[in-house]
Protein chains: 2
Amino acid sequence: MLRVATFNVNGIRATQKRGFENWLAARECDVVALQEVRCPVPLLPDGVFGTYHLSYDAGQLAGRNGVAVLTREQPTDVRCWGAGALVRAPGDSHVELREPAERDVMARELKAFATEGRYLEVDLSDRPLTVASLYLPKGGLPAHLQEAGRNGREKPDGGAKYERKMRFLAGFARHLTRARRRAAAQGREFVVMGDFNIAHDKLDIKNWRGNQSSEGFLPEERAWLDEILSPRTLVDVVRRLHPDTEGPYSWWSWMGQSFAKDSGWRIDYQFATPRLARSAVRGGTDRDESYEARMSDHAPVVVDYDF
Amino acid sequence: MLRVATFNVNGIRATQKRGFENWLAARECDVVALQEVRCPVPLLPDGVFGTYHLSYDAGQLAGRNGVAVLTREQPTDVRCWGAGALVRAPGDSHVELREPAERDVMARELKAFATEGRYLEVDLSDRPLTVASLYLPKGGLPAHLQEAGRNGREKPDGGAKYERKMRFLAGFARHLTRARRRAAAQGREFVVMGDFNIAHDKLDIKNWRGNQSSEGFLPEERAWLDEILSPRTLVDVVRRLHPDTEGPYSWWSWMGQSFAKDSGWRIDYQFATPRLARSAVRGGTDRDESYEARMSDHAPVVVDYDF
DNA sequence: CGTATAATG
DNA sequence: CATTCTACG
């Protein structure tokens, strides 16, 4: 059994104070992909990653983004888009910069995102598997929807953030094709997981009708997920396990009663190559009373693979 | 009996959470001068000023400075250096901008400080008295002491903050002379109180020997207090009551064990015209177990006048 | 070490 | 309605 989690922690220092370490110890995952770690390496709280190997790309935007992968085993290779990922063995106090064994040709559209700490890929060897942690730009509304002004006080930007997200999507689709091909050539399965900042379908958002003009549920964004997902390429593992469930949502606004009323969005995913996806036996989100307080505005998405 | 307090609250919203309202209700002051209120009027917590009349100059630096005077009686005049002070009657929900009955000729050096929310003067009528709340710039080290680099990581500014403070001191000395004369001409006593950001003498700071090159205890700063204080002009009321006491300190760094070890500075004062000063029967600081937690890095300085 | 803001989500 | 950062104290 292989237990894999993805979790947007929204600031590991805050999440830790709310019981992240207990969750990590209790949940007994083999792999945990983290997003929005938002912490320079020297300020990572002691012991916050327990006995896991850490691979981390903090990016260069102080206090923002930052993706990591925690693994029980030592990775055989670590790839990111920036200067190189930081790696640390369990119990070790210092990190080292790890250059990838081979460097990818980066999709042109992604170069502008390379130093933002948004993507990290890790090769494992106990099982033939590559795991990736993604924090996809949240984006914004296109210019014509900002005029309409349905959403309150955000300053209009002429659609700049929306268009930037679309460029990321274009580049990342190409990256995914390459990553799948590399994995296939090496006889590995591949799973890319994290915060995609897009709800895919009507089941993936509480009020789909009222949100068709909301960033994160725009037709163009949803169409991009249609494009990268297919039974032959990448499969939405949790949806495959729960084809008719509303949710399970993975994000709720901090505001109002969103969480209490389960008025959420499913925007955190595990997208796996077909064979790996078929091996999934159980999966869902941890919005559990058993883990006491809410650790983040996102919940962990955990899948057990019989792999 | 007239009970007068001055208190640098270092953010009224934070202080409120630590029991400011209880202190205010229990202490039964007639006048409370506040500094570093650090809060725009619309964000003042409901009821934080109890049943007092509020006079407030928030200044125009978001989240910084801001001086207020709370009074049991309605002031007959309110003067500040900016656009006009805000006043609010007890229980009233809206503030109004109050223009002074007569506007001072402002000392030339003070014009640069006029919109920073550092000074407010209030005339009372039940007793012939003018009370003022002052938040004096903290300043910095002169250039030659920055080179020496005795104090750690602060970025050198070529003595700019020090010189700015000295300009304030020059202007404020002139203002005090005028304010005393105005009061005298009206048959009023006058008390100026607040955070002067200068410890006057050896008794006013824990480790005077080690702090002779520290901002706030520099010879030039101490000499300025020598200059404005005299038995015929303004009298340091608490020191008059406690001529031989170490302290009582009114400020302790948040860092380390300063408060626990009473390693503090006396930088918050009540300076009163001679007749008023002579009427003081009791005075000191509230660093009391009776008021539970520490409300601020400063403690209230409270004096009872038999006036 | 604590108070604020601002940008971001 | 949270998380950071930065400036200031």
Side-chain angles (χ1 to χ4, degrees), chain A residues 8-18 35-40 43 58-66 116-118 135-140 151-155 157 161 164-165 195 197 214-216 251-260 265 267-268 293-298, chain B residues 8-18 20 35-40 43 58-66 116-118 135-141 151-155 157 160-161 164-165 195 197 214-216 251-260 265 267 293-298:
Chain A
N8 180 322
V9 293
N10 189 30
I12 191 67
R13 284 168 286 185
T15 313
Q16 188 216 21
K17 291 175 194 147
R18 297 176 172 143
Q35 301 85 38
E36 286 205 271
V37 174
R38 299 174 71 175
C39 189
L43 299 183
Q60 293 178 9
L61 301 176
R64 289 164 50 195
N65 309 342
E116 293 188 358
R118 293 191 175 274
Y135 178 50
L136 200 145
K138 177 172 146 70
N151 76 329
R153 72 212 117 228
E154 307 190 16
K155 48 176 182 274
D157 68 351
K161 283 184 184 159
R164 189 165 198 268
K165 183 178 190 173
D195 178 359
N197 266 315
S214 299
E215 67 192 65
W251 176 83
W252 305 261
S253 167
W254 289 113
M255 296 173 225
Q257 295 304 102
S258 299
F259 189 72
W265 297 45
I267 58 180
D268 300 271
R294 204 177 161 194
M295 290 186 285
S296 162
D297 52 346
H298 297 251
Chain B
N8 179 323
V9 293
N10 188 29
I12 191 68
R13 285 168 286 184
T15 312
Q16 188 216 22
K17 291 175 195 147
R18 297 174 170 146
F20 175 83
Q35 302 85 37
E36 285 204 272
V37 174
R38 299 174 69 171
C39 187
L43 299 182
Q60 292 177 12
L61 300 176
R64 289 163 53 194
N65 308 345
E116 292 189 357
R118 293 191 175 274
Y135 177 51
L136 201 146
K138 176 173 147 72
L141 288 177
N151 76 330
R153 72 213 117 229
E154 306 189 15
K155 47 175 182 277
D157 68 351
K161 282 183 184 160
R164 189 167 198 268
K165 184 179 190 173
D195 178 359
N197 266 316
S214 299
E215 67 192 65
W251 177 83
W252 305 261
S253 167
W254 289 113
M255 296 173 225
Q257 295 302 105
S258 300
F259 189 72
W265 298 45
I267 59 180
R294 204 177 160 193
M295 290 187 285
S296 163
D297 51 347
H298 297 250

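First the proteins, then the strands, lettered A, B, ... as listed; each starts at 1. All values below were derived from every heavy atom in this structure, side-chain atoms included, with hydrogens, water molecules and symmetry-related copies excluded.
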Length of the CD-P vector between Glu116(B) and dA7(D), whole Å: 17 Å
Partners meeting ring-ring contact (aromatic ring centres under 6.0 Å, His included) with Phe20(B) (sequence neighbours left out): Trp23(B)
Nearest-angstrom distance from the residue atom CG of Asp297(B) to P of dC8(D): 17 Å
Gap between atoms CH2 and C1', on Trp251(B) and dG2(C) respectively (whole Å): 11 Å
Residue pair Gly139(B) / Glu215(B): nearest heavy atoms and the distance that separates them: O-OE2, 3.6 Å
Give each protein N/O atom lying under 3.5 Å from an N/O atom of nucleotides 3-7 of chain C, with the pair distance.
{"from": "dT3(C)", "atom 1": "OP1", "to": "Arg18(B)", "atom 2": "NH1", "distance (Å)": "3.4"}
{"from": "dT3(C)", "atom 1": "OP1", "to": "Arg18(B)", "atom 2": "NH2", "distance (Å)": "2.8"}
{"from": "dT3(C)", "atom 1": "O2", "to": "Arg38(B)", "atom 2": "NH2", "distance (Å)": "2.6"}
{"from": "dA4(C)", "atom 1": "OP1", "to": "Ala14(B)", "atom 2": "N", "distance (Å)": "3.2"}
{"from": "dA4(C)", "atom 1": "O4'", "to": "Arg38(B)", "atom 2": "NH2", "distance (Å)": "3.4"}
{"from": "dT5(C)", "atom 1": "OP1", "to": "Arg13(B)", "atom 2": "NH2", "distance (Å)": "3.3"}

Separation of dT3(D) C1' from Arg294(A) CZ (nearest whole Å): 13 Å
Sugar-phosphate only, base, or nothing, as touched by Tyr135(A) at under 4.0 Å among non-hydrogen atoms: sugar-phosphate
Aromatic plane relationship, His298(A) with Trp251(A) - under 30° parallel, 30 to 60° tilted, over 60° perpendicular: tilted
Test side chain to side chain donor-acceptor pair (under 3.5 Å) applied to Asn8(A) and Asp268(A), Asp195(A), Asn197(A), the passing residue: Asp195(A)
Separation of dC8(D) P from Lys165(B) NZ (nearest whole Å): 16 Å
Distance, rounded to the nearest Å, where Asn197(A) contributes CG and dG9(C) contributes P: 8 Å
For the student: nearest non-hydrogen atoms of Trp254(A) and Asp297(A), plus distance: CZ2-N, 3.3 Å
Whole-Å distance separating the CD atom of Glu36(A) from the P atom of dT3(D): 12 Å
d(CE, Met255(B); P, dG2(C)) in whole Å: 10 Å
Glu116(B): partners by side chain to side chain contact (heavy atoms under 4.5 Å, CB included), with sequence neighbours left out: Leu61(B), Asn65(B), Phe113(B), Arg118(B), Arg164(B)
